[in-house]
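Have a look at the structure below before the remarks.
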Amino acid sequence: MAVTVPRGTDVAVVGGGIVGTSLAWELARRGAGKVTLFERGVVAAGASGRTGALLRQHYSNRPEATLAWEGYKVFAGWPEIVGGDPVHTPSGLVVTVETGPGYEANVDRLHRNVALQNALGIPSRVVSPAELRELQPGVQVDDLAAAAYEPTSGYVDAVAATRGMARAAERAGATIREGCPVLAVERVGDRVTGVRTPDGVVPAGVVVCAAGPWSTRLLAPIGVAAPIEALRVQVAIVQRPLAMEAPHLVFLDTVAGMF
Ligand SMILES: Cc1cc2nc3c(=O)[nH]c(=O)nc-3n(C[C@H](O)[C@H](O)[C@H](O)COP(=O)(O)OP(=O)(O)OC[C@H]3O[C@@H](n4cnc5c(N)ncnc54)[C@H](O)[C@@H]3O)c2cc1C
């Protein structure tokens with residue numbers, strides 16, 4: 001089958017994860033010119049297709065909490081803002097703090113984080129273990145000191161969101177090229193000039209590297225050191241008891257590092 005590679009593009013986006021597809025959408029709809037996204041496999045082939053996709057807004061610093069709040073608005077208003085079916089399940093989410101030595105400091109931190117959220121307008125409140133049991137009957141709370149409860153948070157269908165964002169980018173005029181790896185970023189002097197693909201060089205005025213942990217391989221040869229380190233995490237899939245109606249609350253234990 002003949003593959004058509006565009007002769008040139010104003011913006012070349014490398015990577016079809018949630019970052020690359022949403023950048024392509026924003027750039028295309030804001031009139032950045034001809035936008036072409038290059039994905040070596042299929043859209044959502046990387047972390048965006050494997051994520052647990054919790055949608056939480058509990059952070060200890062203002063920039064991240066603000067970013068999460070703004071991101072939440074897009075996910076919650078998906079059909080109107082991006083288009084297509086809803087992708088967010090607002091199951092509610094709790095961040096728990098366990099009892100144990102020094103737990104008071106963690107409870108203080110929880111209160112500070114919730115105060116920060118509330119100052120930004122994020123719905124969130126601290127609940128006692130007894131209240132948590134009312135919110136989620138059957139949950140074991142004996143070793144819990146407190147929890148922060150976000151009623152509108154939950155989780156996202158990440159594959160649907162990433163593919164939906166790619167479709168929205170196309171509707172805004174972007175071109176999505178799946179199965180088209182970028183082998184190298186072309187550079188002349190101190191300017192990037194395009195991307196090299198198996199079908200030849202595609203000239204580009206701007207190259208956006210959104211290749212996740214693979215970005216370092218593309219950027220190092222052009223002298224850009226991206227401080228990205230890949231981290232392997234473990235995922236366990238368990239059956240929920242019949243008695244537990246779906247969807248249940250999302251639990252995030254920042255002390256044990258589990259969700
Ligand atoms: C198990 C797990 C659980 C997670 N849980 C959560 C969570 O609960 N909540 C949350 O917000 N985040 C979570 N994350 C993190 C989240 O998934 C990532 O931050 C996000 O998906 C990163 O998106 P991305 O677009 O930057 O990268 P990716 O989705 O990895 O996209 C990069 C894309 O670039 C492509 N690519 C690479 N090299 C090239 C090349 N040379 N040419 C063309 N294409 C290329 C890849 O194929 C890939 O599709 C989790 C991640 C994992 C793995």
Side-chain angles (χ1 to χ4, degrees), residues 1-51 53 67 71 74 78 81-85 87 156-233:
M1 193 181 80
V3 177
T4 316
V5 173
R7 240 175 272 123
T9 189
D10 294 305
V11 185
V13 178
V14 188
I18 193 65
V19 173
T21 55
S22 52
L23 273 166
W25 174 61
E26 285 287 4
L27 288 165
R29 75 192 189 119
R30 287 174 191 230
K34 189 171 173 184
V35 176
T36 310
L37 184 148
F38 298 86
E39 165 54 51
R40 66 180 177 184
V42 292
V43 162
S48 301
R50 293 172 170 79
T51 168
L67 199 58
V74 175
W78 193 273
I81 298 170
V82 182
D85 294 334
V87 293
V156 165
D157 182 336
V159 173
T162 309
R163 294 179 68 87
M165 200 55 104
R167 288 276 178 239
E170 283 183 326
R171 285 195 298 276
T175 302
I176 308 286
R177 302 203 58 85
E178 292 183 303
C180 190
V182 167
L183 306 175
V185 177
E186 296 290 311
R187 192 182 89 164
V188 174
D190 62 355
R191 285 199 62 82
V192 295
T193 54
V195 291
R196 179 174 297 278
T197 75
D199 306 303
V201 171
V202 180
V206 174
V207 176
V208 180
C209 187
W214 300 278
S215 299
T216 47
R217 285 187 213 158
L218 283 175
L219 296 175
I222 57 165
V224 177
I228 298 172
E229 267 180 58
L231 186 71
R232 197 175 285 275
V233 296

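No hydrogens, no waters, no symmetry mates; every other heavy atom, side chains included, goes into these values. This chain uses plain numbering: 1 for the first residue, then up along the sequence.
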Straight-line distance of Lys34 NZ to Asp10 CG, nearest 0.5 Å: 8.0 Å
Test item: Thr21 side-chain N/O and Met165 main-chain N/O as donor-acceptor pair under 3.5 Å: no
Distance-minimising heavy-atom pair for Ala32 and Val11: O-CG2, 4.0 Å
Atom pair CD (Glu39) and SG (Cys180), whose distance is rounded to the nearest 0.5 Å: 10.0 Å
Smallest separation among heavy atoms of Ala169 and Ala28, with atom names: O-CB, 4.2 Å
Heavy-atom side-chain contact between Pro221 and Val185 under 4.5 Å: no
Minimum heavy-atom distance between Val43 and Glu178, given as atom pair plus value: N-OE2, 2.7 Å
Whether Arg171 side chain and Val82 backbone form a donor-acceptor pair below 3.5 Å: yes
Shortest non-hydrogen contact between Ala158 and Ala53, atoms and distance: CB-CB, 3.8 Å
Atom pair SG/CG of Cys209 and Leu219 - distance to nearest 0.5 Å: 4.0 Å
Flag, side chain of Arg167 to backbone of Arg163, donor-acceptor distance under 3.5 Å: no
Backbone of Gly83 reached by a side-chain donor or acceptor of Trp78 within 3.5 Å: yes
Minimum heavy-atom distance Gly16-Thr162, with the two atoms named: O-CG2, 3.6 Å
From Arg177 atom CZ to Asp199 atom CG, the distance as rounded to the nearest 0.5 Å: 7.0 Å
With sequence neighbours excluded, residues passing side-chain contact (heavy atoms from CB on, under 4.5 Å) with Ile228: Ser215, Thr216, Ala226
Side-chain (Arg30) to main-chain (Trp25) donor-acceptor, under 3.5 angstrom: no
Member of Val13, Val207, Val202, Thr175 meeting the side-chain contact (heavy atoms from CB on, under 4.5 Å) criterion with Phe38: Val202
Short side-chain to backbone donor-acceptor contact, Glu186 and Pro203, under 3.5 Å: no
Straight-line distance of Leu23 CG to Ile18 CD1, nearest 0.5 Å: 10.0 Å
Smallest separation among heavy atoms of Ala174 and Ala24, with atom names: CB-O, 4.4 Å
